[in-house]
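Throughout, a chain's letter reflects where its sequence line sits, starting with A, and its residues are numbered from 1. What you see below is based on every heavy atom in this structure, not just the backbone, and it leaves out hydrogens, waters and symmetry mates.
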Amino acid sequence: MQILAESDEKELIASLRARDTEALGEVFRRYGDAMTTLAASMLRNRTEADDVVEDALLRIHDAGHGFRGERGLRTWVLRIVANLCRDRLRRRKFTGTLPDEPDAFERAGLQFDPISEWDGALDQRVMAAALERAIESLPPDQREVVVLRHRLDLSHSDIANMLNVPEGTVKSRLARALTALREQLKGAER
Amino acid sequence: MSGHEWNDERIGRLLGASRATANPAVLARVRSRLAARAANPGWLAFLGSPVALATACALLLVSGVLSLNVVRADRLTAATASTSLVSALLDDDGTYGLPAAAATTDAGTVRDSNGVTP
C-alpha cells in the first residue's frame, strides 16, 4: 500500500513537472482540505484562506517543473501555502483587516467535529471555541507550528523541513505556543 | 468549562477536531485563470504584470536622465560657441557682404558694428 502510494506520488509529480492541469486537480483532491485548514487557521478568515489556496495552486502549476520531490509533495504544497499566509499576515499589519464575526469558528471557516470518546458535545464546542480565540492571539510563527503539528498531524521533522528551521526550533516554538495557550485559556476561565 | 484541566493532550485533541473543507469553486477559479492565461499571448500578460510597470518606470527614468544630459551638453556648447545664433543664421561675419577693406572708414574704425572688429 505504501509502495503504491509512493508510485502514485511519483506519477503525480511527473505530471506536475509536465504542467498537466489535471495533476493540479489531483493535488487539490488530495491536499485541498489540508491547504484550506492551514490557511484558515493562520489567517482566521475563510475568504482570504480560499484566495491563498487559489494562489498556491497557481504557484504549484508554475513551479511544478522545478520540483524534485525530495521533501514530499504534501510538505512542498503546505510550504507554499504557509509562505503565502505569512505574506498576507505581513501585509495585514498595514491594512489590518479581520471580519467582525464574533464566533471564532465562523470567522475562520472551520468546522468542529466533537470527539466521540469525550462527554458533552456542546461543552466540547465551547472549549474548542475558547481555544480558537486563544490561537488567534498567538504570534504567527507559533500559530503555524501548533496548527501543523496538532491540526494537520505533521511530524516535528516534517515541520522543520517545511519551515526550513532546525527541529529544535520547531519543538521550542511548539512548547512556547502550548504554554501561551494554557495561560490564555486559564485566564479566560477566571 | 471550569474544572477541565488544560493540558497539552487536551489542547492537541481539541485542535485536531477542527478542520476546514476545501471549496470546489477554488479549483474552478484556478482552471479559468489558467485557461485565460493560455488564451492571452505572453506579451499581453506581461503588459498587465507589475514587472511591466517597473520596466516602464525604469525606462522613463533612464530616458529622463539621458535627455537631461543632452540638454546640458547642448547648453554648454552654445555658451562656448564664438558666433551668436543670429550671426550663424544670417551667415554674417560682420562685413555685411562687403569686402573687408571697403567696410572700414578712413579712420580705420568699423561702421555699425559697436566697435567689434570682424
Side-chain angles (χ1 to χ4, degrees), chain A residues 19 21 24-25 28-29 31-41 46 49-51 53-58 60-61 105 108-115 117-118 123-124 126-128 130-132 134-135 146-147 149-153 174-175 178-179 181-186 188-190, chain B residues 1-69 71:
Chain A
R19 296 195 175 205
T21 320
L24 213 55
F28 186 71
R29 271 185 288 280
Y31 308 120
D33 285 352
M35 292 166 84
T36 312
T37 301
L38 175 59
S41 304
R46 182 56 199 251
D50 281 347
D51 288 347
V53 173
E54 186 180 327
D55 289 346
L57 287 170
L58 285 172
I60 290 162
H61 180 264
F105 281 112
L110 294 162
Q111 294 118 32
F112 176 70
D113 291 324
I115 301 159
E117 307 97 84
W118 292 7
D123 198 24
Q124 280 186 42
V126 172
M127 285 195 290
L131 183 57
E132 286 307 310
I135 287 172
V146 161
V147 170
R149 178 74 193 99
H150 292 292
R151 192 156 278 168
L152 297 176
D153 215 18
L174 195 60
L178 289 170
T179 307
L181 286 176
R182 271 197 308 273
E183 292 302 315
Q184 283 262 348
L185 291 163
K186 277 176 194 165
E189 273 183 359
R190 274 180 221 133
Chain B
M1 193 159 43
S2 56
H4 293 300
E5 196 197 337
W6 285 107
N7 56 33
D8 289 357
E9 196 208 330
R10 183 175 284 271
I11 290 172
R13 288 294 304 273
L14 275 173
L15 273 167
S18 301
R19 278 166 196 282
T21 313
N23 178 3
V26 169
L27 185 61
R29 286 206 297 264
V30 170
R31 285 197 166 130
S32 67
R33 276 172 76 177
L34 287 174
R37 259 201 220 168
N40 288 336
W43 63 269
L44 204 64
F46 172 75
L47 285 181
S49 67
V51 181
L53 181 67
T55 311
C57 288
L59 284 174
L60 186 69
L61 196 73
V62 168
S63 64
V65 168
L66 283 177
S67 50
L68 203 67
N69 281 342
V71 168

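- In this structure, chain B has no heavy atom under 4.5 Å from any part of A/Tyr31.
- Note on A/Gln124, A/His150, A/Arg151: by heavy-atom pairs under 4.5 Å with chain B, the leading option is A/Arg151.
- With respect to the salt-bridge test (charged N to carboxylate O, under 4.0 angstrom), the residues B/Asp8 and A/Arg182 qualify.
- For the pair A/Thr36 (side chain) and B/Ala20 (backbone), a donor-acceptor distance under 3.5 Å is absent.
- Of the listed residues (B/Gly16, B/Ala17, B/Pro24, B/Ala25), the greatest number of heavy-atom pairs within a distance under 4.5 Å of chain A belongs to B/Ala17.
- Contact count versus chain B (heavy atoms, under 4.5 Å) is highest, among A/Leu24, A/Asp113, A/Leu57, for A/Asp113.
- Rounded to the nearest 0.5 angstrom, A/Trp118 CH2 and B/Arg10 CZ are separated by 4.5 Å.
- Between the side chains of B/Thr21 and A/Gln111, at least one donor-acceptor pair of N or O atoms lies under 3.5 Å.
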For this session: Give the intermediate values and the outcome of side chain to side chain contact (heavy atoms under 4.5 Å, CB included) for residues A/Phe28 and A/Val53.
Result: CA-CA 9 Å; A/Phe28 186 71; A/Val53 173; 4.1 Å; yes
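- With a 4.5 Å cut-off on non-hydrogen atoms, B/Arg33 touches chain A through its side chain but not through its backbone.
- If you take CG on A/Leu152 and OG on A/Ser41, they are separated by 7.0 Å, rounding to the nearest 0.5 Å.
- Neither the backbone nor the side chain of A/Leu38 comes within contact range of chain B; no heavy atoms are under 4.5 Å apart.
- When heavy atoms are compared at a cutoff of 4.5 Å, A/Leu110 approaches chain B by way of both its backbone and its side chain.
- Heavy-atom pairs under 4.5 Å with chain B peak, among A/Arg29, A/Met35, A/Arg149, A/His61, at A/His61.
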